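From a predicted model like this one, the values you see are computed outputs, not experimental measurements.
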Amino acid sequence: MTWEDLDAHLDKVPGTVSAYVGRLGAPPTWTRHADATHYAASTMKVAVLVALHRAAEDGRLDLDAPVPVRNSFDSALPGAPRFTNARSYDNDDAVWARVGGEAPLRWLAERMIVRSSNLATNICIGQVGLPSVAEAWTLAGARHSVTGRGIEDFAARDAGIDNLVTAADLAALLGGLALGAHQPGPLASPAGCASMLDVLFAQEHREDLAAGLPEGTRIAHKNGWVRGIRHGAGVVFPDDAPPYAVVVCTTTDLADGGPSGEEAEDDACRLIAHVSAQVWAARHDLAG
């Protein structure tokens with residue numbers, strides 16, 4: 001396989017397929033529409049995770065402190081009524097089981113990633129604030145990605161306030177965490193970055209990028225999906241080659257697995273897994 005072959009294969013896919021592949025801290029080996037914006041779906045939760053850990057490191061939040069688990073949130077649209085999440089549109093009954101009680105913020109942040117809980121995400125955003133999430137993107141070097149609202153904030157969405165990502169920005173964010181775990185960087189302390197990587201390693205949704213890798217391969221990743229959207233973003237840690245970032249964002253009719261509450265594998269999952277497998281096969285030859 002050559003990168004030209006992979007581009008030719010993806011040219012046949014309806015819609016927009018963006019990709020970024022490269023060693024950490026080096027120019028990319030291969031990109032495809034890497035600066036095209038896509039609806040973020042749940043990939044924006046990584047920026048929320050970074051914002052939480054940064055707030056903990058500067059003393060604004062205590063990740064081990066319990067916070068209320070309530071299904072009611074301020075809209076990002078000034079003057080709009082508060083909004084709620086639909087349990088049927090979520091992936092984690094464990095968080096919903098605590099509604100009306102409390103839970104440690106660290107636990108909610110983990111459920112936000114490993115089970116992609118929307119309810120946990122909105123609680124975390126309520127604790128840290130959207131400006132802090134925007135700062136996380138900026139510090140990562142992101143140029144086009146925006147987290148403008150919480151999940152299911154339909155009043156804000158209808159007013160044009162949205163969540164957008166690019167393949168290049170997701171690679172910068174995930175790659176920054178991987179590099180930051182070994183040397184001081186802008187996102188968090190090495191210990192903080194390592195802690196966030198551990199959460200991303202524990203990701204339970206493994207039907208796209210991870211499905212293209214040999215069993216047992218370590219990948220710190222986050223995916224996101226709604227109908228028409230499927231993204232996978234991660235850093236792969238081979239035993240026999242340096243780590244590399246791989247991101248595939250798709251806005252295509254192939255992503256028909258359903259809304260975020262469903263976990264069905266679809267053709268978009270298989271497409272991302274195919275790209276991941278091709279990159280794995282070329283892991284020794286990546287630039288950098």
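Within 6.0 Å of atom CZ in R82, more than 12 heavy atoms from other residues, nucleotides or ligands are found, so the atom counts as buried in its surroundings.
Separating the CG atom in L200 from the CD atom in Q203 is a distance of 7.5 Å, to the nearest 0.5 Å. One finds the CG atom of L119 at 9.5 Å from the CZ atom of R87 (value rounded to the nearest 0.5 Å). Atoms CG and OG, on D153 and S75 in that order, are 3.5 Å from each other to the nearest 0.5 Å.
Residue W107 is grouped with residue V99 when hydrophobic side chains (ILVMFWY) are merged at heavy-atom distances under 4.5 angstrom, including chains of intermediate members.
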Decide salt bridge (charged side-chain N to carboxylate O under 4.0 Å, His left out) for R149 and D162; before the verdict, give the C-alpha distance in whole Å, the side-chain angles of both, and the deciding distance to 0.1 Å.
CA-CA 6 Å; R149 60 173 176 82; D162 219 340; 2.9 Å; yes

Verdict with reasoning, H38 to L164, per side-chain contact (heavy atoms from CB on, under 4.5 Å):
CA-CA 6 Å; H38 298 256; L164 303 173; over 6 Å; no

I'd like to know whether N85 forms a side-chain hydrogen bond (donor to acceptor under 3.5 Å, both in side chains) with N122, so could you lay out the CA-CA distance, the side-chain angles of the two residues, the decisive distance to 0.1 Å, and finally the verdict.
CA-CA 9 Å; N85 287 137; N122 284 339; 3.0 Å; yes

Run the side-chain contact (heavy atoms from CB on, under 4.5 Å) test on L130 and T147 for me, step by step, so that the C-alpha distance in whole Å, both residues' side-chain angles and the decisive distance to 0.1 Å come before the verdict.
CA-CA 7 Å; L130 287 168; T147 302; 4.1 Å; yes

Given side-chain contact (heavy atoms from CB on, under 4.5 Å), test R111 with R106 step by step and report yes or no.
CA-CA 9 Å; R111 304 307 293 182; R106 188 185 305 276; over 6 Å; no

Apply side-chain contact (heavy atoms from CB on, under 4.5 Å) to W280 and T217, showing your working.
CA-CA 10 Å; W280 172 263; T217 302; 3.6 Å; yes

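The aromatic rings of F83 and F73 sit tilted, their planes meeting at an angle between 30° and 60°.
A donor-acceptor contact closer than 3.5 angstrom is absent between the side chains of W137 and D169. Judged purely by distance below 3.5 Å, without hydrogens or angles, the side chains of N163 and K45 never pair a donor atom with an acceptor atom. In summary, the side chains of R230 and T251 do not present any donor paired with an acceptor at a separation below 3.5 Å, with no hydrogens or angles considered. Between the side chains of D7 and W30, a donor-acceptor pair is found at a separation under 3.5 Å. Using modelled atom types, one finds no donor on one side chain facing an acceptor on the other under 3.5 Å when comparing K222 with S42.
Between H274 and H9, a ring centre-to-centre spacing shorter than 6.0 Å is recorded.
The shortest non-hydrogen separation linking V17 to R32 is O-NE, 3.1 Å.
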I'd like a table of donor-acceptor pairs (distance under 3.5 Å, sequence neighbours excluded) in which one partner is a side-chain atom from residues 231-243, with atom names and distances.
from	atom 1	to	atom 2	distance (Å)
H231	ND1	T250	N	3.2
H231	NE2	Y39	O	2.7
D240	OD1	R283	NE	3.0
D240	OD2	R283	NH2	2.9
D240	OD2	H284	NE2	3.4

Extract all donor-acceptor atom pairs below 3.5 Å that involve side chains of residues 171-198 and protein atoms in other chains or at least two apart in sequence.
from	atom 1	to	atom 2	distance (Å)
S189	OG	E57	OE2	2.5
S189	OG	G192	N	3.0

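Look at D35 and R143 and you find a salt bridge, because one of the NZ, NE, NH1 or NH2 atoms lies within 4.0 Å of a carboxylate O, short of that distance.
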